[in-house]
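Being a predicted model, the structure only gives us computed values, none of them experimental.
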Amino acid sequence: MQRKIVIIANNLRSAHNVGSLLRTADGIGVERIYLTGYTPYPIAPQDKRLPHIAQRAEKLIAKTALGAEHTVRWHHEDSVADVITTLKQDGYAVCALEQAETAIEIAKYHVPKKIALILGNEVAGIDQQTLALVDTCLEIPMFGGKESYNVTQATAMALYHCRFMS
């Protein structure tokens, strides 16, 4: 079964992380990435940002995307809630990649045919208002002293599971 996988990157701070996500998404065959909130994004048609801000984001993203910003379908949307609503209406299970009391260990999660993974801010994670909108929280266990993985590494692990392991 070929799954449809979508990423929602909400309120990421780092353009380098966005570039890395685009490159990883290209490699795993992600259908689309939604860059929401204040997440940096490449130059878009009818871009409303000041030109120097858009150009700086484009340059920083390109440094790690290595061209994936041109091969992966991406879309900028201010409202993560609007994206979640639209994806749910289209039959996607919306899952937060987040440590939470109710989180399911990702290795135990049976991935549906259509899944959207929400990623949050590198420091603060996913806010409570957004978590209230998701179907499930998925967690990648930690075995060392750190509390969490980098957002791009965690996403790569989750995408591999979604594509190949269940």
Side-chain angles (χ1 to χ4, degrees), residues 3-87 90 92-100 106 111 114-131 133-134 137-140 142 146-163:
R3 287 190 180 88
K4 290 190 174 191
I5 304 171
V6 169
I7 295 172
I8 305 167
N10 186 51
N11 291 336
L12 269 62
R13 300 174 306 153
S14 168
H16 292 140
N17 280 340
V18 172
S20 185
L21 286 172
L22 286 162
R23 189 169 173 196
T24 301
D26 181 78
I28 206 80
V30 167
E31 181 181 353
R32 177 181 293 232
I33 295 183
Y34 291 91
L35 304 167
T36 63
Y38 56 76
T39 301
Y41 56 96
I43 294 174
Q46 282 88 49
D47 205 307
K48 294 178 180 152
R49 296 173 292 176
L50 293 171
H52 73 281
I53 293 172
Q55 290 165 359
R56 177 169 161 62
E58 175 95 6
K59 182 179 178 183
L60 291 171
I61 290 167
K63 188 173 184 176
T64 51
L66 298 178
E69 70 275 27
H70 304 296
T71 60
V72 174
R73 291 176 50 207
W74 63 268
H75 180 75
H76 173 259
E77 181 70 47
D78 288 327
S79 171
V80 69
D82 290 349
V83 172
I84 291 169
T85 299
T86 299
L87 289 169
D90 196 26
Y92 282 83
V94 179
C95 300
L97 192 56
E98 183 66 89
Q99 297 170 332
I106 195 160
V111 182
K114 295 169 98 175
I115 184 170
L117 288 175
I118 299 180
L119 322 171
N121 179 274
E122 293 92 336
V123 175
I126 300 171
D127 63 73
Q128 292 301 315
Q129 297 89 341
T130 303
L131 286 176
L133 301 174
V134 306
C137 284
L138 301 175
E139 183 174 18
I140 300 169
M142 298 290 300
K146 299 304 293 175
E147 292 183 15
S148 65
Y149 294 101
N150 171 279
V151 66
T152 58
Q153 279 73 37
T155 303
M157 288 182 251
L159 289 173
Y160 188 87
H161 176 76
C162 289
R163 179 62 72 209

Just by distance, do the side chain of Glu58 and the backbone of Ile43 share a donor-acceptor pair under 3.5 Å? yes
What heavy-atom pair brings Tyr41 and Ala57 nearest, and what distance separates the two atoms? O-CB, 3.7 Å
Under the side chain to side chain donor-acceptor pair (under 3.5 Å) definition, can you give me all pairs with a residue in residues 25-35, not counting sequence neighbours? Asp26-Thr71, Glu31-Tyr92
Residue among Asp127, Ile126, Asn121 satisfying side chain to side chain contact (heavy atoms under 4.5 Å, CB included) with Asn10: Asp127
Give the intermediate values and the outcome of side chain to side chain contact (heavy atoms under 4.5 Å, CB included) for residues Arg13 and Val123. CA-CA 9 Å; Arg13 300 174 306 153; Val123 175; 3.6 Å; yes
I'd like to check Thr24 versus Thr152 (side-chain heavy atoms, cut-off strictly below 4.5 Å). Are they in contact? no
Are the side chains of Leu60 and Pro40 in touch, meaning some heavy atoms are under 4.5 Å apart? no
Is the closest side-chain heavy-atom distance between Leu138 and Leu117 below 4.5 Å? yes
Least distance between heavy atoms, Gln99 atom then Met142 atom: NE2-CG, 4.0 Å
Tyr160: ring pair (Phe, Tyr, Trp, His ring centres under 6.0 Å) partners, not counting sequence neighbours: Phe164
What closest approach, in Å, do Glu69 and Ala62 show between heavy atoms, and which atom pair accounts for it? OE2-CB, 3.3 Å
I need the minimum non-hydrogen distance between Pro42 and Trp74, along with the two atoms involved. O-CH2, 3.3 Å
Test item: Ser20 and Val151 side chains (from C-beta on) under 4.5 Å apart, heavy atoms: no
Check step by step if side chain to side chain contact (heavy atoms under 4.5 Å, CB included) holds for Ile106 and Met157. CA-CA 9 Å; Ile106 195 160; Met157 288 182 251; over 6 Å; no
Going from CD1 on Ile61 to CG on Asn17, what distance comes out if it is rounded to the nearest 0.5 angstrom? 10.5 Å
Before you tell me yes or no, could you show the steps for Ile5 and Ile28 under side chain to side chain contact (heavy atoms under 4.5 Å, CB included), namely the whole-Å CA-CA distance, both residues' side-chain angles and the distance that decides it to 0.1 Å? CA-CA 9 Å; Ile5 304 171; Ile28 206 80; 5.5 Å; no
Between Ala54 and Asp47 the two heavy atoms that sit nearest each other are CB-OD2, 4.0 Å
For the NZ atom on Lys114, are there more than 12 heavy atoms of other groups (residues, nucleotides or ligands in this structure) within a distance under 6.0 Å? yes
Check the pair Leu133 / Val80 against side chain to side chain contact (heavy atoms under 4.5 Å, CB included), numbers first and verdict last. CA-CA 10 Å; Leu133 301 174; Val80 69; 5.6 Å; no
Can you tell me how far the NE2 atom of His161 sits from the CD1 atom of Ile115, to the nearest 0.5 Å? 8.0 Å
Atom CD of Glu139 and atom CG of Leu97: how far apart are they, to the nearest 0.5 Å? 9.0 Å
Measure from the side-chain N and O atoms of Thr64 to the backbone N and O of His16, and report whether any donor-acceptor pair falls under 3.5 Å. yes
CG-OG1 distance between Leu119 and Thr36, expressed to the nearest 0.5 angstrom: 9.0 Å
Could you measure the distance from the CD1 atom of Ile140 to the CD atom of Gln153? Nearest 0.5 Å is fine. 10.0 Å
Reported CG-to-CD distance for the pair Asn11 and Glu122, which is rounded to 0.5 angstrom: 9.5 Å
Answer yes or no: is there a donor N or O on one side and an acceptor on the other, between the side chain of Glu77 and the main chain of Val83, under 3.5 Å? no
Would the distance check show the side chain of Arg23 and the main-chain N or O of Leu66 forming a donor-acceptor pair, the cut-off being under 3.5 Å? no
Minimum-distance pair of heavy atoms, taken over all atoms of Val111 and Cys162: CG2-CA, 3.9 Å
